[in-house]
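One-based numbering, in listed order, for ligands and for the atoms of each.
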Amino acid sequence: MQGSYSTLLLFGATGDLAKRKLLPSLYALHEDGLVAPDLRIFGTARSAMSDGEYQALAREALLQYLPDDRRDESKLQSFLDRLAYQALDASTIEGFDALAKKLGDISGGLSIFLSTAPFLFEPTIKGLDAASLTGENVRIGLEKPLGNDLQSSGVINDAVASVFPEERIFRIDHYLGKETVQNLMALRFANMMFEPLWNSQGIDHVQITVSETVGLEGRHGFYDDTGALRDMVQNHMLQLLALTAMEAPANLDSTSVRDEKVKVLRNLRKVAPDEMVRGQYGDGAIDGKSVKSYAEDFGKASDTETFVAIKAHVDNWRWNGVPFYLRTGKRMAERRSEIAIQFKCVPHNIFAERGGKLNANRLVIRLQPEEYVRLQVMAKEPGMDREGVVLREVPLDLSLTQAFSKAQRRIAYERLLLDLIDGDPTLFVRRDEVEAQWRWIDDIRATWAREEIEAKLYGSGSWGPAGSIALTERDGVSWNE
Ligand code: BG6
């Protein structure tokens with residue numbers, strides 16, 4: 001069954017993700033009339049709660065997390081009226097019949113959003129199946145973490161695949177819901193000027209940075225067992241890399257786009273031991289305030305990395321010899337997600353004899369917190385040039401925030417929840433992509449273990465350990481900072 005479904009079921013409905021992102025996103029869709037008036041939203045989690053109590057919890061979360069200009073009391077109430085709740089212990093099969101009873105008639109289609117601890121995936125799928133909540137008119141969205149290596153993600157994917165065919169499985173990577181990430185495709189494929197140069201003839205290297213200023217944020221057990229490589233590189237950063245490096249899909253059809261991304265992911269070269277750096281934040285200062293080290297935040301010493309830098313290569317014709325430098329970390333100097341494309345120099349400098357020095361063009365696609373595309377181009381400084389020609393780098397700026405100032409800024413989950421309800425899988429990750437991502441990541445982790453590569457301390461508020469600078473500097477490259 002295609003098209004918009006009339007029932008949405010949220011697992012983990014009292015958790016942090018639901019409070020911070022899912023409920024505010026659903027409210028925004030409701031407020032803007034983007035979901036059908038008869039869409040019913042059910043929450044489920046362990047705690048016993050009546051519908052009214054869940055609505056009160058949702059109201060509190062919305063008041064806390066919605067921006068002031070998005071709160072409208074009358075719409076808030078009509079949104080809360082859509083919500084109902086059923087308590088469920090997903091580890092046993094017993095409660096699922098009561099859940100199905102509560103949902104009632106799902107002939108208008110059921111979309112499930114499953115965000116749960118990894119050990120609950122299998123029992124939840126079994127419970128849904130036993131209660132006939134897996135039929136042809138049911139699709140399922142899966143939030144990470146979906147396992148922590150290829151093998152364990154395979155177990156989860158097999159369990160889901162035993163009752164849902166791939167076209168009804170929607171794996172979430174919230175970066176794909178970000179407007180600026182989708183804009184990458186528009187930039188590359190809706191403009192003539194970039195694509196002819198978008199290859200090893202025109203590009204020297206690519207840098208992808210996702211830096212955060214936050215630290216552990218109370219996610220003790222999860223984060224320490226996961227680390228930056230699996231928390232950020234395995235999913236978000238590899239998706240950014242795939243969108244940057246893929247060939248042009250024939251159209252925006254989900255198969256065409258995902259076919260092109262997976263080719264990139266499969267062609268990632270194994271990373272050599274000297275092409276990666278692990279780090280862990282020590283104490284330091286962020287925005288003038290002193291912050292504790294990871295070990296202090298965590299409560300004991302640990303070798304988990306909160307920073308990783310990698311020199312990656314895509315082994316195909318287009319990208320031969322073009323490094324992709326990736327880095328991500330917590331407690332860094334700035335919160336910033338960006339892709340920087342460093343073009344090659346022009347083949348011959350006609351200004352050289354008159355003293356004119358040239359820098360190669362650089363295109364920076366800033367995804368957050370600001371949203372812009374900036375091209376550094378060379379221009380001549382105004383003057384009579386009696387003392388020689390002075391050339392200077394000037395930015396050609398496209399601020400997306402300004403150019404589209406009237407457009408509503410949206411949380412990534414708004415787009416993803418709407419696509420889940422409407423059944424469009426283009427911005428979700430297919431199983432073969434996830435597996436290609438894990439294969440590459442597992443190999444890196446095996447190298448870390450084999451070569452005993454330890455996490456090096458870096459000061460909070462810095463750009464990571466010294467090794468990260470050395471990783472690019474020895475190629476004559478500086479990080480875009
Ligand atoms: C999540 C990670 O997937 O992405 C977090 O688990 C991280 O550790 C977050 O903070 C970053 O997302 P965003 O949208 O704030 O860049």
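- Of all protein heavy atoms, the one lying nearest to atom 12 (O) of ligand 1 is His174 NE2, 3.2 Å.
- Under a 4.0 Å heavy-atom criterion, Tyr223 is not in contact with ligand 1.
- Which parts of ligand 1 touch Asp231 is read off a 4.0 Å heavy-atom cut-off, strictly below it: atoms 2 (C), 5 (C), 6 (O), 8 (O).
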Chi angles and distances behind the side chain to side chain contact (heavy atoms under 4.5 Å, CB included) call for Phe307, Gln280 = CA-CA 6 Å; Phe307 173 96; Gln280 185 186 86; over 6 Å; no
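- Ring-centre distance between Phe324 and Trp319: below the 6.0 Å cut-off.
- Among all protein heavy atoms, the one lying closest to atom 16 (O) of ligand 1 is Tyr175 OH, 2.5 Å.
- Between Asp297 and Lys292, no side-chain nitrogen of the basic residue sits less than 4.0 Å from a carboxylate oxygen of the acidic one, so the salt-bridge criterion is not met.
- Relative to the six-membered ring of Phe222, Arg219 misses at least one condition, a distance below 6.0 Å or an angle of at most 45° to the axis.
- At a 4.0 Å cut-off, at least one heavy atom of Gln368 sits close enough to ligand 1 to count as contact.
- For Arg46, the CZ atom sits in a loose shell: 12 or fewer heavy atoms of surrounding residues, nucleotides or ligands are nearer than 6.0 Å.
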Check the pair Arg415, Gln182 against side chain to side chain donor-acceptor pair (under 3.5 Å), reporting the backbone distance first and the verdict last.
-> CA-CA 11 Å; Arg415 173 64 190 253; Gln182 294 156 45; 3.2 Å; yes
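- Looking at ligand 1, you'll find an N or O of Arg219 within less than 3.5 Å of one of its N or O atoms.
- Protein heavy atom closest to atom 14 (O) of ligand 1, with residue, atom name and distance, is Lys178 NZ, 2.6 Å.
- The protein atom (non-hydrogen) at minimum distance from atom 3 (O) of ligand 1 is His236 NE2, 2.7 Å.
- Closest approach of Ala90 to Pro123, counting heavy atoms only: O-CB, 3.4 Å.
- Of all atoms in ligand 1, listed by their number and element, those nearer than 4.0 Å to a heavy atom of Lys144 are 1 (C), 2 (C), 3 (O), 6 (O).
- Ligand 1 has an N or O atom lying under 3.5 Å from an N or O atom of Lys330, backbone or side chain.
- Looking at Glu212, Glu217, Arg335 and measuring to atom 7 (C) of ligand 1, the nearest heavy atom belongs to Glu212.
- The two residues Ile203 and Ile341 come nearest to each other via the heavy atoms CD1-CG2, 3.4 Å.
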